[in-house]
Protein chains: 2
Amino acid sequence: MTSEVLGQCLRTNPVVVRRTMGLLREAGLVTAERGHAGGWRISVDLETVSLRRLHEALGEPAIFAIGNRNETPECLVEQSVNAALEGAFAEAEALLLERFADVTLADLAKDFARRHAGRRDTME
Amino acid sequence: MTSEVLGQCLRTNPVVVRRTMGLLREAGLVTAERGHAGGWRISVDLETVSLRRLHEALGEPAIFAIGNRNETPECLVEQSVNAALEGAFAEAEALLLERFADVTLADLAKDFARRHAGRRDTME
DNA sequence: ATTTTCGTAACATATGGTGTTACATGAAAC
DNA sequence: GTTTCATGTAACACCATATGTTACGAAAAT
């Protein structure tokens, strides 16, 4: 599949697609070929790739929108708040990453197939 | 304490302080007085106010930086991903909010007092 | 050679948070 | 009562990040 087509699917620009897919390529999850009949191809078994691995491949972007702004603040109040919550954030993050690890691309493909087969022409 | 002084503590602008403190005022956590000797005053018992209550007072800002962009997407792939992760995000959020509820302002004040007493003149 | 497609740099745009100015309102001090 | 100090709030400026776009080079097939 080309970046052009993927961009249409994702409602975005081919260059944006290449940016993100490039990270997946560096992680060995996809391959890219240039020229005629080129494009992106999945290079791994869907069973063996979890959303956690995708998260890693995409650079482990920050999970939380709130939380410590500064790991080692000078401010004593900030230190107290950080100390009180760092455990909670760590646990929540660990929980999420565990769940990410539980979901494989094969799981998603299966679920998608079920939805695709089951839809009742509600498209517009 | 005035917005002016609070702003210096927080390294920000008095108006920014008023914006946020205004939310706490609407939630009944602080009172504001104008004129001479005016400023902000905590109007509740520190023991009874948790970080969870502060989170609510501040409008329950989004906790996660990643996650579902669309609750009810038309895209079947997006539907599959959402379905696979919505439980995980819900659990992680519930866990965090529980921990927020466990921390009172009194806890923070106590921890701050300990840090303040224990510091060894490492200030600059 | 031409076409197709990725790779990448450079720049443009949009968004949200933060900072700033300005001015009205209220309360105390004189 | 006038002045001073402080909040309340609107309006605008600024900044960082994410996203979108243009441009062009490199590689592969026709």
Side-chain angles (χ1 to χ4, degrees), chain A residues 1-44 54-71 73-75 77-78 81-82 89, chain B residues 1-44 51 54-71 73-75 77-78 81 89:
Chain A
M1 183 175 279
T2 67
S3 302
E4 179 69 35
V5 174
L6 262 177
Q8 287 167 4
C9 292
L10 299 172
R11 312 276 169 91
T12 186
N13 192 287
V15 179
V16 176
V17 172
R18 287 188 199 110
R19 272 209 280 257
T20 301
M21 294 298 285
L23 296 173
L24 300 185
R25 174 171 45 73
E26 289 168 13
L29 302 179
V30 301
T31 56
E33 281 174 21
R34 304 203 232 201
H36 281 84
W40 301 95
R41 190 175 304 272
I42 297 173
S43 61
V44 291
L54 255 66
H55 181 250
E56 291 164 0
L58 296 177
E60 308 206 359
I63 289 178
F64 298 110
I66 58 179
N68 300 359
R69 318 198 131 190
N70 192 338
E71 279 307 316
E74 189 185 336
C75 171
V77 176
E78 197 174 349
V81 176
N82 283 1
F89 279 111
Chain B
M1 183 174 279
T2 67
S3 302
E4 180 69 36
V5 173
L6 263 177
Q8 286 167 7
C9 292
L10 299 171
R11 312 276 168 90
T12 187
N13 193 288
V15 180
V16 175
V17 172
R18 287 190 198 111
R19 271 209 279 259
T20 301
M21 293 299 285
L23 295 173
L24 300 185
R25 174 172 45 74
E26 290 170 12
L29 302 179
V30 300
T31 55
E33 280 174 22
R34 305 202 232 200
H36 280 82
W40 301 96
R41 190 176 303 273
I42 298 174
S43 60
V44 291
L51 292 186
L54 255 67
H55 181 250
E56 291 163 1
L58 296 177
E60 309 206 357
I63 289 178
F64 298 109
I66 59 179
N68 301 358
R69 317 197 132 191
N70 192 336
E71 280 306 317
E74 190 184 337
C75 171
V77 176
E78 198 175 350
V81 176
F89 279 111

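Per chain, numbering begins at 1; letters A, B, ... match sequence-line order. The figures that follow rest on heavy atoms only: side chains count, while hydrogens, waters and symmetry mates do not.
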Please report the distance, rounded to the nearest Å, between CG in L6(A) and C1' in dG7(C).
16 Å
Length of the line joining E4(B):CD and dC5(D):P, which is rounded to integer Å
12 Å
For A32(B), answer base if it contacts any base atom (sugar-phosphate contacts may also be present), sugar-phosphate if it contacts only those atoms, and nothing otherwise; contact means non-hydrogen atoms under 4.0 Å.
sugar-phosphate
Once rounded to the nearest 0.5 Å, what's the spacing between atom CD of E78(B) and atom CG of L10(A)?
9.5 Å
Could you state the interatomic distance from CZ (R18(B)) to CG (L23(B)), rounded to the nearest 0.5 Å?
14.5 Å
Give the C-alpha distance, both sets of side-chain angles, the deciding distance and a yes or no for side-chain contact (heavy atoms from CB on, under 4.5 Å) between L58(B) and L24(B).
CA-CA 7 Å; L58(B) 296 177; L24(B) 300 185; 3.7 Å; yes
Once base and sugar-phosphate atoms are separated, protein heavy atoms under 4.0 Å mark nucleotides 12-26 of chain C, 5' to 3', with B, S and - as ------SBBB---BB
Between L23(A) (CG) and dC6(C) (P), how many Å, whole number?
15 Å
Is the shortest side-chain heavy-atom distance between Q8(B) and P14(B) below 4.5 Å?
no
Whole-Å gap separating C1' (dA27(D)) and CH2 (W40(A))
14 Å
With a 4.0 Å limit, can you tell me whether T2(B) has a side-chain N or O closer than that to the phosphate oxygens OP1/OP2 of dA6(D)?
no
In Å and rounded to the nearest 0.5 Å, what is the CG to CZ distance from N82(A) to F89(A)?
9.0 Å
For dT7(D) and R41(B) - does any side-chain N or O of the residue sit under 4.0 Å from the phosphate oxygens OP1/OP2?
no
For the pair made of CD1 in I66(B) and C1' in dT17(D), what is the distance, rounded to whole Å?
17 Å
Output the rounded distance in Å from CE (M21(A)) to C1' (dG7(C)).
14 Å
Check: G28(B) main-chain N/O paired with S43(B) side-chain donor or acceptor under 3.5 Å
yes
